[in-house]
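The structure appears right after this line, and notes come after that.
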Number of protein chains: 2
Amino acid sequence: MTWTPQDDPDRSPEVPAGKTRDALRAAHLYYMQDLTMDAIAAELHTSRSSVSRLLSHARASGLVEISIHSPLDLPSRLEQEILERHEIAAHVVPVPDQASDVDRLDRVALSAARILGRFIDSNQLVGVAWGSTMSAVSRHLVPKSTHNSEIVQLNGAGNLRTTGILYASELLRRFGDAFGAKVQQFPVPAFFDDPATKEAFWRERSTKRLLELQGRLDVALFGVGSPFAEVASRVYQGGYLERDDYAALSADGVVGDVATVFYRADGSSEGIPLNERATGPDFGVLRRAPRRICVVSGRAKLPSLRGAIAAGLITDLITDEGTARALVEHG
Amino acid sequence: MTWTPQDDPDRSPEVPAGKTRDALRAAHLYYMQDLTMDAIAAELHTSRSSVSRLLSHARASGLVEISIHSPLDLPSRLEQEILERHEIAAHVVPVPDQASDVDRLDRVALSAARILGRFIDSNQLVGVAWGSTMSAVSRHLVPKSTHNSEIVQLNGAGNLRTTGILYASELLRRFGDAFGAKVQQFPVPAFFDDPATKEAFWRERSTKRLLELQGRLDVALFGVGSPFAEVASRVYQGGYLERDDYAALSADGVVGDVATVFYRADGSSEGIPLNERATGPDFGVLRRAPRRICVVSGRAKLPSLRGAIAAGLITDLITDEGTARALVEHG
DNA sequence: AACTCGCGTGCACAAACGTGCAAGGAGACC
DNA sequence: GGTCTCCTTGCACGTTTGTGCACGCGAGTT
């Protein structure tokens, strides 16, 4: 049904148009007129279970959009505070404090995926990083049809398949499918072994074309890595980095990375040798994107998040309540 | 919170702010994170039933908004056609053809009430007519907070309480409550007995003030009356009109009314004596409102609807499928 | 203090809903 | 034409959700 291959021009989610029409009608009857599924089944001459499935389809495919408005006199205190203090539009996802880190990630990712549609529109160039957070988000995207948009991979990911993480191509494809956008892959490892190799590669025409795209993004979408947290990011487990690299990062005072580019607590990223071998975009480049959306879950990533904020990388933040609270508390 | 002048001074939807916060959180968890109500109850330290009620509250009070987007490549054929043929933005409400007229009205009214929020905003002057259709709509309005808006009554309604229909003040109050708007009542009968009385009344300062408001509406909201349909509109049953009046209307070729002002099939309303005694706004006045929303259900009202369209009274139409189809079919 | 009224809560039951499963139907390929 | 595969359908069951009811608490009244 859905074609998967790399850069597939033939994008045909080709749901039989009749199904969409039925789904639309069912959605009207259900959400606008409060009929029960039984009643709808009768009107559509089908079974109740089919209606249930139609409605699922309607939600999953973005025909039905559910949004939540806090009344203007009662904006989340946290979001308000983050806005004032850091000039970042925050979306705080409520998650109980005792939730496990995986729960947290799942729930933030789910919420993030549902919010994303508001940021992505036609004629946009969207940069997407590769990592466990983005992978989780990609699993829940709600389709939204756009014209002439492109998804651009921000950093390489090698060819390894790490547990629970998708091939970069799979992740990108999901974004592409969800928004009907063309996908620009970036088939390089996360880190080169030798800076020289990277430089050589960077001179390639195909690479240059991609870098050029990265330079004029409308939206950038990424998580943050957190090398020294208890639960280290995937990048640090996939065998991309050696013990030595790790030690060097520590010595340099690195607190995190965005799309494989490392930074210190103050947001600086100059003079960190590993960055010479990284494949992600320079922060100067990244900051050209007018909208830079960061998805973070778990307090373990707090130092890393702080660094990314200090580096001015973030314009929109989607995170769990605990992290948001911690961010403003000892701010 | 919202002050309702005239009648009931103590209108305080004043929901304890804590409840709204809980409802908001529950809504996030339910609609954004797909938790079950049980799980939410655990997180909120309450019972599942309370969560169910919280969610109801969240929907009823407009914290949660559900909208349905047809994909751009599949717009309702009917809506498309009405747009092309009459330059009217139509919202067609799906209703099975064999539905009874009361069903039809209910379902159209419910859908209409839920769509209305999109039309009404802050700093707007909204004119509302009085009739069975508007009454049905008023029962289902979804609150939306606005500032500095006013609801203006378009036509008088006497003081009678007709079966199933609310006092005009009650109807208006519901609109006012739903949008946090001030309400401008128009305490006159639907029709005067003597044109002279009307003229006298129209010279009153309080009346003039109201007429002035009617003259600069941003939105007008009304149904259409249908004097000769099988199911005559309420106006024709409430004892407002005499046998003679009725006969006169028939002789004049009247097909319907908007806010007590009558018109013929070609949309003309000049030279209809009853209009001299009517309390609704002249069509010239009405047409000054940039947005004029008409809610109609039931094919019996088709001739009346056609007349209103011919009179150029309608910019936005909300109606049931059967009526919409009939409108374009023998168009 | 006693009483009443209104409101919020949880319980228990009924209604509404989601989903695994087996049967049926429409191509695609042989 | 056969048959293999993939998708869709309705059924049956277990889960999830809505709601009438009875209880309990607090505010206002006598």
Side-chain angles (χ1 to χ4, degrees), chain A residues 1-5 10 12-64 66 68 106-107 110 114 139-140 142-143 177, chain B residues 1 8-64 66 68 96 106-107 110 114 139-140 142-143 177:
Chain A
M1 173 133 294
T2 319
W3 274 138
T4 69
D10 172 20
S12 49
E14 207 51 62
V15 180
K19 180 173 179 180
T20 304
R21 286 164 55 88
D22 281 354
L24 221 41
R25 176 173 265 258
H28 268 283
L29 297 174
Y30 192 76
Y31 292 108
M32 297 282 118
Q33 297 185 28
D34 291 343
L35 299 200
T36 74
M37 294 184 178
D38 248 328
I40 298 172
E43 293 200 9
L44 296 187
H45 309 294
T46 179
S47 74
R48 194 184 50 73
S49 18
S50 296
V51 174
S52 171
R53 285 186 266 252
L54 272 183
L55 288 171
S56 297
H57 171 72
R59 269 175 300 185
S61 61
L63 294 180
V64 173
I66 302 184
I68 299 178
D106 270 354
R107 293 171 60 165
L110 186 53
R114 297 200 162 154
R139 264 190 290 273
H140 302 291
V142 178
D177 282 1
Chain B
M1 175 143 281
D8 182 352
D10 172 22
R11 162 125 332 279
S12 47
E14 205 53 60
V15 181
K19 180 173 179 180
T20 304
R21 286 163 56 88
D22 282 353
L24 221 41
R25 175 172 265 258
H28 268 281
L29 297 175
Y30 192 75
Y31 292 108
M32 298 281 114
Q33 298 184 27
D34 291 343
L35 299 201
T36 74
M37 295 185 178
D38 250 327
I40 298 173
E43 294 200 9
L44 260 48
H45 309 293
T46 180
S47 74
R48 195 186 51 71
S49 14
S50 296
V51 174
S52 172
R53 286 185 266 254
L54 272 183
L55 289 171
S56 297
H57 171 72
R59 270 174 299 184
S61 62
L63 295 180
V64 173
I66 301 183
I68 298 178
D106 271 352
R107 292 171 62 166
L110 185 53
R114 295 198 163 155
R139 263 190 289 273
H140 302 291
V142 179
D177 283 359

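- Between A/Arg53 atom CZ and C/dG18 atom P the separation is 11 Å, expressed in whole Å.
- Atom pair B/Ile40:CD1 and D/dT17:C1' shows a separation of 11 Å (rounding to whole Å applied).
- For the pair B/Asp38 CG and C/dG10 P, the computed distance is 13 Å after rounding to whole Å.
- For the pair B/Asp34 CG and D/dT17 P, the interatomic distance rounds to 10 Å; values are reported in whole Å.
- Among the heavy atoms of the strands, none lies under 4.0 Å from B/Ser56.
- Picking from D/dT19, C/dG10, D/dG10 the nucleotide with the shortest atom distance to the side chain of B/Ser47 gives C/dG10.
- Distance, A/Tyr30 OH to D/dT17 P: 10 Å, rounded to whole Å.
- Look at B/Arg59 and you won't find any side-chain N or O under 4.0 angstrom from OP1 or OP2 of D/dT17.
- Under the salt bridge (Lys or Arg N to Asp or Glu O under 4.0 Å) criterion, the residue pairs touching residues 24-43 of chain B are A/Arg107-B/Glu43, A/Arg114-B/Asp34, A/Glu321-B/Arg25, with sequence neighbours excluded.
- Atom C1' of nucleotide C/dC7 and atom NZ of B/Lys19 are separated by 9 Å, given to the nearest angstrom.
- When heavy atoms are screened at a 4.0 angstrom cut-off, A/Ser49 is found touching base atoms of the nucleic acid.
- The distance between atom CE of A/Met37 and atom C1' of C/dT19, rounded to the nearest whole Å, is 12 Å.
- B/Ser52 and B/Ser49 share no side-chain donor-acceptor pair at under 3.5 Å.
- Between B/Leu44 and B/Ala26, the shortest heavy-atom contact is CD2-CB, 4.3 Å.
- Among the heavy atoms of the strands lying under 4.0 Å from A/Ser50 are primed sugar atoms or P, OP1, OP2 only; no base atom is included.
- Taking only side-chain nitrogens and oxygens, A/Ser52 never comes nearer than 4.0 Å to OP1 or OP2 of C/dC17.
- Atom NE2 of A/His57 and atom P of C/dG18 are 15 Å apart (whole Å).
- At a cut-off of 3.5 Å, with distance as the only test, no side-chain donor of A/Arg59 or B/Tyr31 sits close to an acceptor on the other residue.
- For the pair B/Leu55/B/Val51, a side-chain contact is recorded, criterion being any heavy-atom separation below 4.5 Å from C-beta on.
- Within 4.0 Å (heavy atoms only), B/Thr36 reaches sugar-phosphate atoms of the nucleic acid but no base atom.
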